[in-house]
Amino acid sequence: MAVYTEVPDEALAAFLAAYEIGDLLSYKGIAEGVENTNFILHTTTGSYILTLYEKRVREGDLPFFLGLMQHLAARGLACPQPIRTRDGATLGRLCGRPAVIVSFLEGVSVRRPGVKHCRALGAALAGLHAAGADFPMQRPNALSVAAWRPLFEAAEAQADRVAPGLAARTRADLALLEGSWPQDLPGGVIHADLFTDNVFFLGDDVSGLIDFYFACTDSFAYDLAICLNAWCFEADYAFNRTKGQAMIAAYQAVRPLEPREVAALPLLARGAALRFMLTRLVDWLNVPPGALVKPKDPLEYDRRLAFHRKVAAAEEYGWSPVAG
Ligand SMILES: Nc1ncnc2c1ncn2[C@@H]1O[C@H](COP(=O)(O)OP(=O)(O)O)[C@@H](O)[C@H]1O
Ligand SMILES: N[C@@H](CCOP(=O)(O)O)C(=O)O
């Protein structure tokens, strides 16, 4: 359960007094999530999410994240909307942390996505890239290739106690990716963490996208590669090409990939897997004492890397030329 910061009732009441969201009926910590402390609030006017930003979120980035959610929502994308206080502020402080209240989105995330979910996700991702096209702010990706070596070095000495040989194979992947990371691909605002837990469905349709706290300016195809990793592997770590095909085709129906993006897809997918393996590994080895959080397993991404090491061409992820 991701509750790093306990919020006393009195502190919450004082914080909520600045908002016009009705009277608090109940609230509780949210079990899912690993980055921030989240509470669901039920008030006389509805439900809201209260987020206290923790370790990885830099306060200086919050105007980007909050501005982006407002921008996307204004373009019709279903994402959380920051709620303003009576004074018009979206960002406040609670228990020493930056804190916001955002709108609650209906829908459920799917644990085991099927082909139809992957298809819907591909279209939603392309829609997000399109909706973010005229967002004026920039935020370099703080977890792109330049950040991977420091993460690796923080975990290297203990990596082999997580899995034998993990340090050596990660070192080799890192060296290869540092030397060949694709630059100057088409890009703009990307979500950068569009895992299944960050996408809500109502029936077969995507009803909402949440958790924009890794959003940044980077290549669109890298965002797609993150999603291929998160959505298209089976429980036995076999890549499901049918799911990949459905996702990529739906993406391309909105935004066709350029040949250089297609050519880069195997490296981008490998890099995306390495990025999540490394952040998970560091978290796995550094669970804060007393935090109610279940760290995510880095080996899930080590196993995906085993697949990516063997892939030579985008076709193996399900890419095919757009007809017409
Ligand atoms: N706007 C929202 N509407 C509905 N549920 C939300 C919303 N934001 C967060 N949640 C719930 O809180 C959980 C954790 O949120 P998330 O932003 O993923 O946390 P973290 O950034 O800590 O990983 C989500 O899986 C979801 O269940
Ligand atoms: N998606 C990342 C961890 C970030 O967690 P989230 O709850 O913010 O999606 C991972 O799976 O490693």
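As the structure is a computational prediction, the values presented were derived from the model and not from experiment. All ligand and atom numbering here is 1-based and tracks the order in the structure. In this chain, numbering begins with 1 at the start of the sequence shown.
Within 6.0 Å of CZ in Arg111 there are 12 or fewer heavy atoms belonging to other residues, nucleotides or ligands.
A cation-pi arrangement is found for Arg275 relative to Phe214, the charged atom lying closer than 6.0 Å to the ring centre and inside a 45° cone about the ring normal. The side-chain tip of Arg304 points at the ring of Tyr301 from less than 6.0 angstrom away and within 45° of straight on.
Among Ile30, Thr37, Thr51, the residue whose heavy atom lies closest to atom 13 (C) of ligand 1 is Ile30. Considering only non-hydrogen atoms, atom 12 (O) of ligand 2 lies nearest to Arg280 out of Arg280, Lys296, Glu35.
Here the closest non-hydrogen pair linking Ile248 and Tyr317 is CD1-O, 3.6 Å. Counting all heavy atoms, side chain and backbone alike, Leu166 lies closest to Asp160 at N-OD1, 3.1 Å.
The closest protein non-hydrogen atom to atom 17 (O) of ligand 1 is Asp211 CG, 3.2 Å. Nearest protein heavy-atom neighbour of atom 8 (N) of ligand 1: Ile49 CG1, 3.7 Å. At the shortest separation from atom 19 (O) of ligand 1 among protein heavy atoms lies Asn38 ND2, 3.0 Å. Nearest non-hydrogen protein atom to atom 7 (O) of ligand 2 is Asp197 OD2, 3.2 Å. The protein atom (non-hydrogen) at minimum distance from atom 5 (O) of ligand 2 is Val34 CG2, 3.2 Å. Taking atom 1 (N) of ligand 2 as the reference point, the nearest protein heavy-atom neighbour is Asp193 OD1, 2.6 Å. With hydrogens left out, the protein atom closest to atom 1 (N) of ligand 1 is Ser103 O, 2.9 Å, a heavy atom. Protein heavy atom at the shortest distance from atom 25 (O) of ligand 1 is Glu32 CB, 3.5 Å. With respect to atom 9 (C) of ligand 1, the closest heavy atom belonging to the protein is Ile210 CD1, 3.7 Å.
Close approach of ligand 1 to Asn36 is summarised as follows: ligand atoms under 4.0 Å from at least one heavy atom of the residue are 20 (P), 21 (O), 22 (O). Taking a cut-off of under 4.0 Å to the non-hydrogen atoms of Glu35, the atoms of ligand 1 that pass are 20 (P), 21 (O), 22 (O), 23 (O). Ligand 1 places these atoms under 4.0 Å from at least one heavy atom of Pro80: 1 (N). Under a 4.0 Å criterion applied to the non-hydrogen atoms of Asn198, ligand 1 contributes the atoms 18 (O). Annotation for ligand 1: atoms under 4.0 Å from non-hydrogen atoms of Leu105 are 1 (N), 2 (C), 3 (N), 4 (C).
If you chain together ILVMFWY residues whose side-chain heavy atoms come under 4.5 Å of each other, Leu202 ends up in a group of its own.
Counting heavy atoms closer than 4.0 Å to ligand 2, residue Thr279 contributes nothing at all. Contacts with ligand 1 closer than 4.0 Å are made by backbone heavy atoms (N, CA, C, O) of Asp197 only, the side chain lying farther away.
Here Phe212 and Phe65 keep their ring centres 6.0 angstrom or further from each other. Ring centers of Phe220 and Tyr251: at least 6.0 Å apart, outside the cut-off.
Looking at ligand 2, you'll find an N or O of Asp211 within less than 3.5 Å of one of its N or O atoms.
Among residues two or more places apart in sequence or in another chain, the side chain to side chain donor-acceptor pair (under 3.5 Å) test is passed with Asp134 by His71, Arg75.
Here Arg169 pairs with Asp302 in a salt bridge; the nearest charged N to carboxylate O distance falls below 4.0 Å. With salt bridges taken as basic N to acidic carboxylate O contacts below 4.0 Å, one links Asp61 and Arg139.
Between the side chains of Tyr19 and Tyr48, not a single donor N or O lies within less than 3.5 Å of an accepting N or O.
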